[in-house]
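Reading through the structure tokens given below for one structure.
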Amino acid sequence: MALKFHDNAAILRGPLVAVILLVVSLALVTAYAREGEGGPVHAVQNAFSAVAAPVGMAGSSVSSASDSVGTAIEDLTADASTLSGLREQNGQLRGLVGQLEEYRQEAQRLQGLLDIKDQYALTSVAARVVGRSSDSWNDVVTLDKGTADGISAGLPVMSGTGLVGQVISATPHTCDVRLLTDQQSGIAVLVQSSRAEGIVRGSLEGLLYLEDLESTAEVKAGDVIVTSGLGGSFFRGLVVGEVVSVEQQAGDTSPVIVVSPNADADSFEEVLVVTAVGNASAADEGASSGASANDSASSSNSSSSSGTSSSSSDSSSSSSSSSSSSSSSDDASSDDEGGDE
Amino acid sequence: MRSALLPVVIGAVIVTLLQIAVAPNIALFSAMPNFMVAYVLIVAMLRPGTSLYVLAFVLGLLYDLFGYGPVGAMPFLLILVSFVVSRAFALLNNDTVFVPLALFVAADFLLELLYAAFLLGLGMADSVLDAMIYRALPCALYSTVAGLVLYPIARHFLATEVISDVHTATPRFR
């Protein structure tokens with residue numbers, strides 16, 4: 001009898017534990033959904049993200065190190081018998097060229113950041129991307145700066161080509177940025193040429209869609225999209241991207257408008273977390289020149305020039321945008337404030 | 001008992017590190033392998049028992065905490081899926097690779113689909129079709145590949161003879 005009872009208890013134990021854990025899981029989901037961003041479950045999640053950031057960084061270095069080791073092994077085993085000093089020297093030179101190329105690209109990216117910082121007269125904190133989301137449902141990156149550097153949730157984040165996302169949470173030394181391409185992202189924007197207002201939303205495809213436009217608004221491919229500042233989440237006049245296609249589908253009242261994002265998560269390593277925009281109107285007026293300057297900044301190091309503002313009501317803004325690249329390196333330190341780097 | 005659980009725990013630690021450090025760096029077109037899910041499915045096949053549900057809960061919880069999704073969704077789904085997989089494997093296992101492969105594909109896809117449903121229900125995703133095409137399917141396939149790589153390794157370390165729970169070995173459940 002006692003044995004039978006013991007058997008029954010053992011049979012029931014597994015499912016019982018499963019049911020208890022299922023209930024706990026559901027309770028956690030409910031708590032997560034009901035509480036705000038500052039709730040305890042969110043706080044624990046943020047803390048875990050902060051802990052995971054250095055591990056993720058180590059992972060990326062391990063991945064590049066394994067690439068190097070693989071290349072080295074490949075070189076060594078390719079022709080071991082005729083391995084000569086020339087091969088060794090060649091390997092060293094290749095390494096050096098790779099290193100210099102890394103520096104060159106970094107300098108180019110940083111120059112792009114300086115250009116955009118000057119163009120918008122930004123007060124900002126420079127940060128490096130140290131981690132990326134470990135799940136595939138969120139386009140979130142982790143930066144190496146946090147509340148200790150003046151960063152707080154809600155601040156916009158820019159790369160060398162324009163706006164890329166928004167800070168969603170911050171710990172003392174790291175912060176998480178949800179990219180514009182994330183399906184949960186949405187920002188109030190306006191079409192620069194027609195001033196039509198709408199919302200740019202991310203999607204699982206990694207594309208940006210311009211929605212909620214007025215039915216009379218005219219949008220065409222090539223139009224520059226800038227933040228409108230409505231809602232207070234973003235400063236006004238930051239370049240979000242450029243319209244790449246407008247498709248009117250049969251039966252739909254509004255067209256499907258696709259906006260090219262400024263950059264995808266893999267293409268930037270350094271960013272600026274914007275804490276203030278010095279001259280929003282200047283930024284707005286300079287946005288068209290900024291878009292073309294950004295294109296050139298991304299393609300080559302010289303991003304100067306074409307920023308001759310069409311509306312020249314504010315001469316200082318025009319000049320600041322047009323002369324951004326030439327003065328950027330000299331003026332970088334004078335523009336920096338507080339936590340700027 | 002403790003020594004029997006040790007390889008499972010060590011495996012859990014390893015897959016957690018893989019998920020945090022390696023998975024983001026080997027993403028293909030925004031599809032990322034889920035090592036944690038793959039490992040729980042492997043344990044569900046090789047070592048079913050009460051500890052399986054605890055493992056599924058803990059790894060699911062860690063996945064949610066290290067990620068940015070709703071905390072609690074992954075443990076809930078992992079427990080359910082691991083329960084189903086352990087039963088299905090006990091019933092179908094014929095010592096070929098086909099059964100684990102089929103179970104991996106089905107369980108991964110089911111889990112990703114249910115996770116998408118969770119996100120949709122919580123307003124964190126918009127379109128079922130997009131979620132299925134752009135995330136659930138590619139992620140499930142990638143996780144299946146990860147699972148098939150891990151399976152022989154895990155099988156080597158996790159002895160299949162030891163079945164700690166009576167209910168999984170009872171014929172009436174088969």
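All chains are named by letter (A, B, ...) in the order of the sequence lines, taking the proteins before the strands, and each is independently numbered beginning at 1. This structure is a prediction, so every number in the text was calculated from the model and none was measured.
Residues forming a side chain to side chain contact (heavy atoms under 4.5 Å, CB included) with B/Leu150 (at least two apart in sequence, or on another chain): B/Val15, B/Phe35, B/Ala38, B/Ile42. Partners of A/Asp212 by side chain to side chain donor-acceptor pair (under 3.5 Å), not counting sequence neighbours, listed by chain and number: A/Arg201.
In terms of heavy atoms, B/Leu119 sits closest to A/Gln183 at CD1-NE2, 4.4 Å.
Contacts between B/Phe76 and chain A at a heavy-atom distance below 4.5 Å involve backbone atoms as well as side-chain atoms. For B/Asn34, no part sits under 4.5 Å from any heavy atom of chain A, backbone or side chain. Proximity to chain A (any heavy atom under 4.5 Å) is shown, for B/Leu18, by neither the backbone nor the side chain. In this structure, chain A has no heavy atom under 4.5 Å from any part of B/Ile26. If you measure heavy-atom distances from B/Leu77 to chain A, you find no contacts under 4.5 Å at all. The contact between B/Leu122 and chain A is made entirely by side chain atoms (from C-beta outward), counting heavy-atom distances below 4.5 Å. With a 4.5 angstrom heavy-atom cutoff, B/Ala116 touches chain A via backbone and side-chain atoms both. The part of A/Tyr32 that comes within reach of chain B is its side chain, from C-beta onward, which places non-hydrogen atoms under 4.5 angstrom from that chain. Using a 4.5 Å cut-off between heavy atoms, B/Tyr142 does not touch chain A at all.
To the nearest 0.5 Å, the span separating CG on A/Asn138 from OH on B/Tyr68 amounts to 8.5 Å. Distance check, rounded to the nearest 0.5 Å: CD of B/Glu112 to OG of A/Ser136 gives 5.5 Å. From B/Phe83, atom CZ reaches atom CG of A/Leu22 across 9.5 Å, with rounding to the nearest 0.5 Å. Here the CZ-CD1 distance, from A/Phe48 to B/Ile20, works out to 9.0 Å after rounding to the nearest 0.5 Å.
In this structure, the side chains of B/Val71 and A/Val29 stay at 4.5 Å or more apart for every pair of heavy atoms. Looking only at side-chain heavy atoms (C-beta outward), A/Leu28 and B/Asp64 stay at 4.5 Å or farther from each other. Side-chain contact between B/Phe66 and A/Asp135 is absent, with no heavy-atom pair separated by less than 4.5 Å. Counting only heavy atoms from C-beta outward, the side chains of A/Leu21 and B/Pro75 never approach each other to under 4.5 Å.
Of the listed residues (A/Val24, A/Asn46, A/Val140), the greatest number of heavy-atom pairs within a distance under 4.5 Å of chain B belongs to A/Val140.
Under the 3.5 Å distance criterion, the side-chain polar atoms of B/Gln19 are matched with a main-chain donor or acceptor of A/Ser134. Not one N or O on the side chain of A/Arg132 forms a donor-acceptor pair closer than 3.5 Å with the backbone of B/Asn25.
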